[in-house]
J.: 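Pasting in a structure now, in structure tokens, and then I'll have a few things to ask.
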Amino acid sequence: MDTPQAANTAANTAANTGKVTVIPTGAALGADIVGVDLAQPMDDATYQQIRQAWLDHLVLRFRGQQLVDPTFLAFARRFGTLDKAPKHAHGDVEDPFPEITVMSNIVENGKPIGNLGYGEAVWHTDMSYNETAPIGSLLYSLEVPPSGGNTGFNNMYRALETLPAELKREIAGKTCRHDSSRNSAGELRKGFKDVSDPRELPGAIHPLIRTHPETRHNALFLGRRPGAYIIGLPLDESEDLLNRLWAHAAKPEFEWYQVWKVGDLIMWDNRCAMHRRDAFDPATRRLMHRTQIRGDKPFFDPATLAA
Ligand code: OGA
Ligand code: MN
């Protein structure tokens, strides 16, 4: 039973000038896009349908693709300028292109070839510790382990819509600092100090409620739980409020999980979805290439409340 892949294969003989088919996952977010071959040129009408589906479903999956880095980057560039890869925990990781981040547990000649290893990666928004954060990321699978290493996504519009009124009031107008010193696997990035007090950590400050510049909907914007700090609050109050926000945001009803096959490309909207990754057996291999679309500074637009 693999309709999306079958449909993709059928369409792979021609360039992308047809109508794309969007098949929602049925969960809180995510959809399969079928009928496109991302290695081939794509006309504007096809691109526009994909962009609209991305805004509507937050996470898109394209199965059965056969990409090399240049075709992967060419597709990603339709969505905007690409950001350079972030600083790695392992300084000797060499990415094949400046805009590609290798995500892998593979070690060659004693050196990791990529990031995030094989452990759990906690819920996060990519690179939100920067002043301007990517609007989205694309992740393409080259090798997948036989089990584990699934990637979860969650819908932060829904998390905000369903937030109890009292919590909504508590976070109105508040901002949060997003720790830049550690990655989603909890590793200290190269060149950063090991600081334990969240008030002392480096990183950008962003509103807790974020307006999506294209859909104009608001989303809860948390970044990562470890190292987060709500500006202006005593530490214990910040921790308590963050714990209550995360207990809500990490509910299964907002999630959808991707179980990877080789040739899957997933793209997500960092402005309204978070993601995490399950651990997997370190004796197995997982290799993904990621790129990220440059964004602007996250903001909250009070005019969205008037509507
Ligand atoms: C990423 C990421 C998780 C995964 O690429 O930004 O968090 O499943 N990856 O590899
Ligand atoms: Mn990530």
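Every number for a ligand or one of its atoms is a count from 1 in the order of the listing.
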J.: As an exercise, identify every atom of ligand 1 less than 4.0 angstrom from a heavy atom of T151.
T.: 4 (C), 8 (O)
J.: For the residue pair F153 and W268, does the interplanar ring angle fall in the parallel (under 30°), tilted (30 to 60°) or perpendicular (over 60°) class?
T.: tilted
J.: Output the distance between atom CD1 (I113) and atom CD1 (I106), rounded to the nearest 0.5 Å.
T.: 4.0 Å
J.: Should the ring pair F75 and F62 be called parallel, tilted or perpendicular, given that the plane angle runs from 0 to 90° and is split at 30 and 60?
T.: perpendicular
J.: I'd like to verify the contacts: list protein N, O or S atoms under a distance of 2.8 Å from the Mn ion (ligand 2).
T.: H124 NE2, D126 OD1, H275 NE2
J.: Do any nitrogen or oxygen atoms of H124 lie less than 3.5 angstrom from nitrogen or oxygen atoms of ligand 1?
T.: yes
J.: Using a 3.5 Å cut-off on N or O atoms only, is D126 in polar contact with ligand 1?
T.: yes
J.: With heavy-atom distances below 4.5 Å as the criterion, would you say the side chains of V22 and I33 are in contact?
T.: yes
J.: For atom 4 (C) of ligand 1, which of the options R290, H275, R286, M288 provides the nearest non-hydrogen atom?
T.: R286
J.: Do R61 and W256 have side chains that approach each other closer than 4.5 Å (heavy atoms only, starting at C-beta)?
T.: yes
J.: Hey, is W268 one of the residues with a heavy atom under 4.0 angstrom from ligand 1?
T.: yes
J.: By the definition side-chain hydrogen bond (donor to acceptor under 3.5 Å, both in side chains), identify the one residue from D269, D301, T304 that meets it with H212.
T.: D269
J.: For the residue pair H178 and F221, is the inter-centroid distance of their aromatic rings smaller than 6.0 Å?
T.: yes
J.: For atom 3 (C) of ligand 1, which protein heavy atom lies nearest, and how many Å away is it?
T.: R277 CB, 4.0 Å
J.: May I ask you to check whether over 12 heavy atoms, not counting those of K168, lie within 6.0 Å of atom NZ?
T.: yes
J.: Taking N270 for the side chain and D126 for the main chain, is one N or O donor matched with an acceptor at less than 3.5 Å?
T.: yes
